2 protein chains.
Amino acid sequence: MSEYVRAVALGKAPADILIKNGKVVDVLTGEVYLANVAIACGVIAGVGDYNEGKKVIDATNKYILPGFINTHCHVESSMATPDNYCAEELAWGVTTLITDPHEIANVAGNKGIKYMLEATRGLPINYYVQVPSCVPATPFEHAGCVLDAEAMVELLSLDGILGLGEVMNVPGVLNNDSSVLAKLELFKDRILDGHAPLLGGKALQGYAASGIETDHESISWAEAKEKLRAGIAILVREGSASRNLAAIIQGVVGDSVDTRRMAFCTDDKHLADIRREGTIRYCVRQAINLGLEPMRAIQMATINAAQIFGLRKLGAVAPGWQADVIVVDNLFNLKPELVLHKGEDVLDKLTATQKIIPDISLSGSVHVAPFTEETFNPKQFMENKEYPVVEILSGQIVTERGVVHGKDVPRLLAEGKLCMLAVIERHHATGNIGIGLLRGYGLKNGAAATTVAHDSHNLIVAGTNAKDMFEAAQELISVQGGYTLVREGKVVDTLPLPICGLMSDAPAEELIIRLDEITAKAWAMGVPRDIDAYITLSFMALPVIPKLRVTDMGVFDSENFKFL
Amino acid sequence: MSEYVRAVALGKAPADILIKNGKVVDVLTGEVYLANVAIACGVIAGVGDYNEGKKVIDATNKYILPGFINTHCHVESSMATPDNYCAEELAWGVTTLITDPHEIANVAGNKGIKYMLEATRGLPINYYVQVPSCVPATPFEHAGCVLDAEAMVELLSLDGILGLGEVMNVPGVLNNDSSVLAKLELFKDRILDGHAPLLGGKALQGYAASGIETDHESISWAEAKEKLRAGIAILVREGSASRNLAAIIQGVVGDSVDTRRMAFCTDDKHLADIRREGTIRYCVRQAINLGLEPMRAIQMATINAAQIFGLRKLGAVAPGWQADVIVVDNLFNLKPELVLHKGEDVLDKLTATQKIIPDISLSGSVHVAPFTEETFNPKQFMENKEYPVVEILSGQIVTERGVVHGKDVPRLLAEGKLCMLAVIERHHATGNIGIGLLRGYGLKNGAAATTVAHDSHNLIVAGTNAKDMFEAAQELISVQGGYTLVREGKVVDTLPLPICGLMSDAPAEELIIRLDEITAKAWAMGVPRDIDAYITLSFMALPVIPKLRVTDMGVFDSENFKFL
């Protein structure tokens, strides 16, 4: 193989693929120059005056770039299977994906993580996994698995395991929590991803001194810059909900800072958004629109990311480097017209790759102890008591904490001004059920339910009456996970998410349509249009975000970290 | 340990060492700012507002930098033992040394390489070895060892082995020489150092496509830039003889190129020169004098080098990074006033470190088959024949090819206008002796000899008569290697180099004085002052440099690669 690469480099043999007359974006030297790129055996053989290729692609007036690198994402949040998700990323030029399978690990532990790896074997993408560091995320809920350092050991030897996923337990690090430190120790020679929103001062120094090397939570340039100075690489995040790029890049543009330790990521981005605009391609485009030199933006999307994560021979167009190459129309639109992974056209390759069928056990993840309609009886809210209410704030995942009188509950439910909110443990049939009240969801005379419920992914049901809530819960048990919508005891619509109750195996296009449909039906039943009916619901059980939540263990004050 | 580091970072415990009020040169962000640096357990715990330290160092008006990295050097060329050599580097702020023990490997193979590693264990320096790729360097001479891929296998698991040393056999790479390719394959996941003087065009692409990642041979900016574009990192060389820095840095200054893939090295630098001005410190200083922004120059000397060689947590001053830190007076003089390795003052540490005594077998490396004075009888040059003459060119290691009539030889020898030049195989007592003629060495009525003889390190003797040449050779056999100078059958001076005939175990200061003395005595015997009597001699057997050489196999035309 290497002999053939050399023969091509020396001009003695035709390239497998020759990209002619393009402007090469050389992220190593920071230059752009006209050259032909000869590729052989998956490797870039030569950049220069090459003329023979078994396949020749004309890139006149176009740019030849290294494939993009998405440095941090949760594939499961797209609800697509890893193979379907990767296809969307590839179409927009991402040839390297660094993922943290935090969601599936909360349901299925190592089995889930292995599925995420196996489902992408053979795909034309460099797919790396950071092992989720916080499963379960908190002691205030029950997840499907506990992933401690001991459980992680068996993952270390798997191909594609790059390091430890975002270490969210900042207090655990700073206070020497032995279970957290055991994980840092296990991965000390690999990359430790951070997650440290608003962390600064000595706490940041302590976090960095513990070996954490990246962070994707910065929301301002001041925050990002302090982290850069602390030796932490900044993964600028631009997802569907968390959009931090403008604030940070505007800061960079006005500063003479070295950007070598900055890259891009999406964290969570909806499938429909990816399909429309891509992930890293969108980041580069936005950064350039904000005034960042195109070269620096492209370096962030390629070589910087590779260097931060120690990925050798990735992220540049140069002889001997892996032939992950994209051709784009121009540096403003950045639409990939050709995407090569190891010298193969990814779209051709995807078609030819056999689909990996997930382990059957991942399809039966919903295990709930028996319960009855009575569980959701509104009469459990006593007339002469006051109750805390989770209040949805439009456009935010932070909630407000409200209050209602028990005597008003039946009327407010009937008027569609209040919902009951139940969180049913669904992994080990423990019978745990937390029930509270929810305002601002808008649903009238019905129930909505989901098994996507951050971070433990229990079964969340919101509804105005016991019958519909019971039916909704039963429906999701019956289909083993998904989204559902029920009215007057009848299922209005169900989107099955059979893989761990998190993911559909439908093709992306179909999945996007089905998601739009069920969301629109929820809107039709009263959910305000500025709320994403299911994504908003999926955050109502997340005990790490202020101010009030419901978990399978009860109503939780997430400002003071105690159950009410 | 990590708990204590965190406590220091959080301001809850005093640092082991606190450097106060210095200007931190932050090579990650490209900024310089006032801060205190708290160090604990060998790690940088925090950079910021720290006030408690068991030991406090005031750095007011001074600069705090990461320790320098010398990316390519041959320790043996200093003739000091590795520990003594490292002491000199450390004094000038080099805390990471990447060495290629090419010389000792030619004499003693793996045993020599292991000695170079073992002799530095426990020293306050990060000492890495690139395994010599070309032992022997050519088939036109006999070295002490053959280091093929199979022999290299046992080295792979040793601590400190970083990759493969400079791959000088460029034709071997390009023509698929299986013995060369086996070495590239063996080290394919590590760093492959290159050595490709003047290589460009498709040959360069072929060399880079083979996985070679660095080069230290560029002598012009055009050459360096073409290599950078080919994905090859440039190690800008500034040694005692090869001085490439000015040509390359002047090019960089006039160019907007990204310098992230550029670093500094010395290759070969004399001990006296290091003692006077340092190595990488001198490179940084010269680069700044030539107009390079100090930050870019310091990045080349630190973080760039670390990134090129994949050395994690080295090369920057940031929490969690290894506490290899230097304090310099200013950015023009760059004299280190404090050098820390893993938070320890290197000078203190050096004093406390026990000297490693080399393996006794390394001290008996000179094995020569019996020979007599007759071997050097000038009558072997027949009166009626013409003979090629190696002609020394002042200040160069390239030689000219001259000619003399055999009938003139006795007269020219007697007048001191010609020397005989003998190269005696000295590793395996094969009896191989090559004899030729040398012009321009200037020696009158005597002989000089050395066992430092690139690359195979046979025994070189230059002299005007058989008796002195015989005595000189016998003297070096007797002391088992070194430099010697003989006149009228008597030894004028000998510098023993007992370790493989390459290195002295004398302290650097003593060694420098002894080198000066014997060189001055050679000058007194007629060697011109613009020639370094022994270093020049040591290159007279190097068959890879034009135009004429003598090896143990005979007189060699190194332009046409054939014996005469």
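As the structure is a prediction and not an experimental result, all values here were calculated from the model. Chain letters run A, B, ... following the sequence lines, proteins first, then strands; residues in each count from 1.
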Max heavy-atom pairs within cutoff under 4.5 Å with chain B, candidates A:N176, A:V257, A:V47, A:V24, goes to A:N176
Judged by atom type as modelled, is there a donor-acceptor pair below 3.5 Å linking the side chain of B:K225 to the main-chain atoms of B:G251? no
A:I44 versus chain B, the contacting section by heavy-atom distance below 4.5 Å: backbone
Identify the heavy atoms of B:I191 and B:Q130 that sit nearest to each other, and give their distance. O-NE2, 3.4 Å
Structural part of A:L181 lying under 4.5 Å from a heavy atom of chain B: side chain
Part of B:Q299 within contact of chain A (heavy atom distance under 4.5 Å): side chain
Side chain, backbone, both or neither: which part of A:R312 has an atom under 4.5 Å from a heavy atom of chain B? side chain
Side chain / backbone / both / neither for B:Y207 at chain A, heavy atoms under 4.5 Å: neither
Give the member of A:P319, A:G320, A:G46 that has the highest number of heavy-atom pairs under 4.5 Å with chain B. A:P319
Please check if the number of heavy atoms outside A:K342 that lie under 6.0 Å from its NZ is greater than 12. no
Measuring heavy-atom distances to chain A, does B:A230 have an atom under 4.5 Å in its side chain, in its backbone, in both, or in neither? both
Does CD belonging to A:E293 count more than 12 external heavy atoms closer than 6.0 Å? yes
Residue, of A:G30, A:S256, A:A316, A:A45, that accumulates the most heavy atom pairs under 4.5 Å with chain B: A:A45
Which atoms of B:V8 approach chain A - backbone, side chain, both or neither, heavy atom under 4.5 Å: neither
Is the shortest distance from a Lys or Arg side-chain nitrogen in B:R229 or B:E226 to a carboxylate oxygen in the other one below 4.0 Å? no
Please give me the minimum heavy-atom distance between A:N304 and A:T259, naming the atom from each residue. ND2-O, 2.7 Å
Heavy-atom proximity to chain B below 4.5 Å, by part of A:I234: neither
